[in-house]
Amino acid sequence: MLEKDRQELRRALEAALLQAQAEGKLPAFSPPAFVLETPKEKEHGDLATNLALVSAGPARMAPRQVAEILREYLEQQPAVQELVGRIEIAGPGFINLFAREGWLARLFRAIETEGDRYGHSRADKPLRILLEYVSANPVGPMVVVNARAAAVGDCLANLYAALGHQVEREYYVNDAGHQADLFAASLNARYLQLAGRDVPFPEDGYPGEYVKEIAAEFLRSHPELVDLPEQERLAFFKIHGVDRMVELQQQELARFGVRFDRWFRERDLHRSGAVEDTLAYLRAQGALYDREGAVWFASTRWGDDKDRVVVKSDGSYTYLAADIAYHRDKYQRGYDRVIDIWGPDHHGYIGRMRAAVAALGYNPASFEVILLQLVTLLKDGQPVRMSKRAGEFVTLDELLDEVGKDAARFFFLMRSPSAHLDFDLDLARQQSEQNPVYYVQYAHARIASLFRQAEAAGVSLPRAAEVDAELLTEAEEVDLARKLAAFPEEVKLAGERQEPHRLTRYAMEVASLYHSFYAHHRILGSEPRLQAARLYLSHATRVVLRNCLTLLGVSAPEKM
RNA sequence: GCGCCUAUAGCUCAGGGGACAGAGCGCCGGCCUCCGGAGCCGGGUGCGCAGGUUCGAAUCCUGCUAGGCGCACCA
């Protein structure tokens with residue numbers, strides 16, 4: 001059943017309930033929440049609803065009796081008469097709808113018309129959404145958990161856009177804090193050491209090899225820094241060293257196919273006075289107070305566990321102070337929803353940030369945090385220790401060298417964001433030929449190959465209107481077509497629930513159904529009208545696979 | 001101590017209060033005159049424990065057990 005049919009039938013169900021109540025066949029109660037979905041078993045129809053089940057309680061009637069009454073009124077609905085061939089009541093009281101003949105032809109026409117937009121939809125209320133993710137400190141390369149955040153954030157942004165929202169992708173660069181100072185000091189030490197000076201490496205510095213490499217670059221391009229006073233040289237590295245690191249991070253992410261609309265610099269917040277302004281605003285609202293030489297944000301008034309320091313007793317700002325200013329900046333830009341993807345170690349931070357949003361006068365419900373669980377990387381069956389401070393980690397670049405962009409992205413998106421992810425490097429490398437991503441891509445390449453064959457034989461893809469879709473009656477054909485019809489519903493669910501892993505699973509299901517169809521039925525060389533119909537089914541599969549993979553950020557190859 | 005997350009097949013994980021609990025991997029066995037065998041077909045074991053709510057619970061509630069994480073004038 002097509003997605004727009006589902007929407008219409010949903011309204012028809014609501015109308016049927018209201019009419020039954022108006023005519024006294026059902027008692028008055030407010031319409032309950034119900035689902036109208038594509039059932040798992042095709043014996044349960046093309047769409048199934050639990051409306052009678054959930055109405056039974058408030059109606060104080062037996063579910064099947066409610067279902068019978070609803071069926072009577074459903075049959076009078078124009079949408080039902082147009083789209084539904086048969087209504088069954090089954091099990092405890094499900095109402096199962098079977099599509100009328102002709103639905104598949106309409107599906108083909110929809111796919112032809114919508115093309116690479118098939119699966120997309122128009123939100124009832126299009127929102128301006130700001131999605132911030134990755135936002136790793138600019139003190140080292142992208143590591144695996146950043147890669148997961150990049151894959152998830154990118155996919156979610158794609159999903160929001162596909163649902164008709166206006167979405168912007170943003171990366172917050174913490175280039176003004178303590179970590180940036182440490183990075184500058186590390187760079188400074190390496191620079192001087194490379195210049196032949198015997199200077200100690202800072203105790204808390206970043207020991208990675210990449211620091212030496214960047215230091216070497218600066219020694220070549222700016223040899224004169226050796227003669228600068230220490231403070232000036234450190235200031236130089238804090239700006240230009242961090243900038244260089246950001247460039248390298250951008251290159252790494254670009255290789256991963258992830259790009260941002262904006263790289264927001266914390267540095268700019270301080271320069272523009274936004275932090276002071278924000279604190280002044282909060283002060284004017286009575287949200288700040290002084291205690292023991294520090295300035296506190298009374299976040300408990302907005303539900304936080306305890307009040308938080310924003311200006312330390314030494315006069316410097318806490319990280320939170322800048323972050324509040326940052327989020328104020330976001331809201332001033334006019335977004336309807338502000339969504340951050342954070343690591344699980346930041347969950348204690350949500351309360352204070354939401355309190356800040358509220359204290360700033362914005363609706364705290366519009367601020368949303370997706371907590372992305374960590375990745376455990378396994379190598380030789382052992383967890384790989386990943387610590388920037390110890391200088392041991394697996395970078396995004398290394399991961400891409402090992403498993404490639406498509407496999408990495410697909411793997412990161414196979415799990416729910418809230419689920420911990422085990423990523424066995426050896427397994428991913430050794431079993432790459434049996435990776436789900438290859439299985440899906442293979443289905444796409446296979447269809448592309450099919451059409452190359454067809455082309456060579458002088459057979460071209462027919463217009464959807466010329467296809468006799470009713471010829472597709474084999475189980476494998478019908479199962480595949482039903483799955484293709486469910487794509488827009490899947491996209492909607494994945495986006496609304498912020499669960500990109502639904503798409504990877506869906507892609508695997510489509511690929512599996514296509515492979516099965518392909519193995520059981522001859523396409524080229526069958527009776528011409530059947531051949532045309534099967535070619536169109538193949539084409540439709542190709543469109544859905546491509547659109548799905550595009551949302552995931554995975555390529556859909558013509559050949560492998 | 002307080003709070004959050006998790007517990008489903010040998011392993012890694014899906015499961016929107018519903019109709020017989022699924023997938024991938026691994027394991028075993030079949031299938032290549034023929035559109036790509038990176039494929040197809042078949043094979044089996046499971047909801048941590050105990051209560052409760054409900055017509056109906058893997059799903060919601062309570063308690064317990066076992067893991068993980070967080071509770072900074074760090075970022």
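Bear in mind the structure is a predicted one, so any value in this text is a computation, not a measurement. Lettering of chains follows the sequences in order, A, B, ..., and the numbering in each one begins at 1.
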Inset, instruction - Give a yes or no on whether a donor-acceptor pair under 3.5 Å exists between the nucleobase atoms of B:C73, that is its base, and the side chain of A:Ser313. - result: yes
Inset, instruction - May I ask you to evaluate whether A:Ser512 reaches the phosphate of B:A23, defined as a side-chain N or O under 4.0 Å from OP1 or OP2? - result: no
Legend entry - Ring centers of A:Phe183, A:Phe237 separated by less than 6.0 Å: no
Inset, instruction - Measure the distance from NE2 on A:His520 to P on B:G42 and round it to the nearest whole Å. - result: 7 Å
Legend entry - Euclidean distance for P, B:A19 against B:G30 (whole angstrom): 37 Å
Legend entry - pi-stack flag for A:Tyr518 and B:G39, centroid dist under 5.5 Å, interplanar under 30°: no
Legend entry - Phosphate-side-chain proximity, A:Lys312 and B:A75, N/O vs OP1/OP2 below 4.0 Å: yes
Legend entry - Selection from B:C20, B:A38, B:C35 that lies nearest to any side-chain heavy atom of A:His44: B:C20
Inset, instruction - Identify which nucleotide among B:C71, B:C35, B:G16 has an atom closest to any side-chain atom of A:Lys306, counting heavy atoms from C-beta outward. - result: B:C71
Legend entry - B:C32, syn or anti by chi within 90 degrees of zero: syn
Legend entry - Any-strand Watson-Crick or G-U partner of B:G16, both distances under 3.5 Å: none
Legend entry - A:Arg6 bridged to A:Glu3 by N-O distance under 4.0 Å: yes
Legend entry - Nucleotide B:C4, atom P - distance to CZ of A:Arg354 in whole Å: 14 Å
Inset, instruction - Would you verify whether the NZ or CZ of A:Arg542 falls within 45 degrees of the ring axis of A:Tyr514 while also being under 6.0 Å from that six-membered ring's centre? - result: no
Inset, instruction - Please determine, for B:A7, whether a Watson-Crick or G-U wobble partner exists with both distances under 3.5 Å, and give it or none. - result: B:U65
Legend entry - N/O (side chain, A:Lys40) to phosphate O (OP1/OP2, B:G18) under 4.0 Å: no
Legend entry - Whole-Å gap separating C1' (B:G39) and CD1 (A:Ile523): 13 Å
Legend entry - Among B:A75, B:C4, B:C40, the one nearest A:His347 by side-chain distance: B:C4
Legend entry - A:Tyr442 OH - B:C40 C1' separation (whole Å): 10 Å
Inset, instruction - Identify which one of A:Lys306, A:Arg301, A:Arg308 satisfies the side-chain hydrogen bond (donor to acceptor under 3.5 Å, both in side chains) criterion when paired with A:Asp304. - result: A:Arg308
Inset, instruction - Both distances under 3.5 Å, Watson-Crick or G-U wobble: report the partner of B:C40, or none. - result: B:G30
Inset, instruction - Ignoring the backbone of A:Ala445, work out which of B:G36, B:C71, B:G16 is nearest its side chain. - result: B:G36
Inset, instruction - Let me know the distance between CZ of A:Phe297 and C1' of B:A72, rounded to the nearest Å. - result: 17 Å
Legend entry - Length of the CG-P vector between A:Asp406 and B:A38, whole Å: 19 Å
Inset, instruction - For residues A:Phe94 and A:His44, establish whether the separation of their ring centroids is below 6.0 Å. - result: no
Inset, instruction - Establish, yes or no, whether a centroid distance under 6.0 Å links the rings of A:Tyr536 and A:His539. - result: yes
Legend entry - Side-chain touch A:Arg415/A:Gln373, heavy atoms, less than 4.5 angstrom: no
Inset, instruction - Please determine, for the side chain of A:Met560, which listed nucleotide (B:A14, B:G16, B:A38) has the closest atom? - result: B:A38
Inset, instruction - Would you confirm whether the ring centroid of A:Tyr319 sits within less than 6.0 angstrom of the ring centroid of A:His178? - result: no
Inset, instruction - In whole angstrom, give me the gap between the C1' atoms of B:C69 and B:G46. - result: 27 Å
Inset, instruction - Return yes if the base of B:C74 and the side-chain atoms of A:Gln179 contain a donor-acceptor N/O pair under 3.5 Å, otherwise no. - result: no
Inset, instruction - For B:G15, take OP1 and OP2 only and decide whether either is under 4.0 Å from a side-chain N or O of A:His501. - result: yes
Inset, instruction - Report the base-pairing partner of B:C2 (Watson-Crick or G-U wobble, both distances below 3.5 angstrom), or none. - result: B:G70
Legend entry - Pairing nucleotide - B:U54, Watson-Crick or G-U, each distance under 3.5 Å: none
Inset, instruction - Output the single nucleotide from B:C5, B:C35, B:G39 whose closest atom is nearest the side chain of A:His515. - result: B:G39
Legend entry - Side-chain N or O of A:Gln441 closer than 4.0 Å to phosphate OP1/OP2 of B:A38: no
Legend entry - Residue A:Ala90, side-chain atoms from C-beta onward, closest of B:A19, B:C34, B:G36: B:A19
Inset, instruction - Go through the N and O atoms of the side chain of A:Asp181 and the base of B:A75, and report whether any donor-acceptor pair is under 3.5 Å. - result: no
Inset, instruction - Looking only at side-chain atoms of A:Ala48, point me to the closest of B:C73, B:A19, B:C40. - result: B:A19
Legend entry - Pair assignment for B:C47, Watson-Crick or G-U wobble, requiring both distances under 3.5 Å: none
Inset, instruction - Using the closest heavy atom to pick a nucleotide of RNA chain B for each, name whichever of A:Arg352 or A:Met508 lands nearer the 5' end. - result: A:Met508
Inset, instruction - Measure from CG on A:Leu371 to C1' on B:G70 and round the result to the nearest Å. - result: 10 Å
Legend entry - Interatomic distance, A:Arg505 CZ vs B:C13 C1' [rounded to whole Å]: 7 Å
Inset, instruction - May I ask you to evaluate whether A:Tyr439 reaches the phosphate of B:C40, defined as a side-chain N or O under 4.0 Å from OP1 or OP2? - result: yes
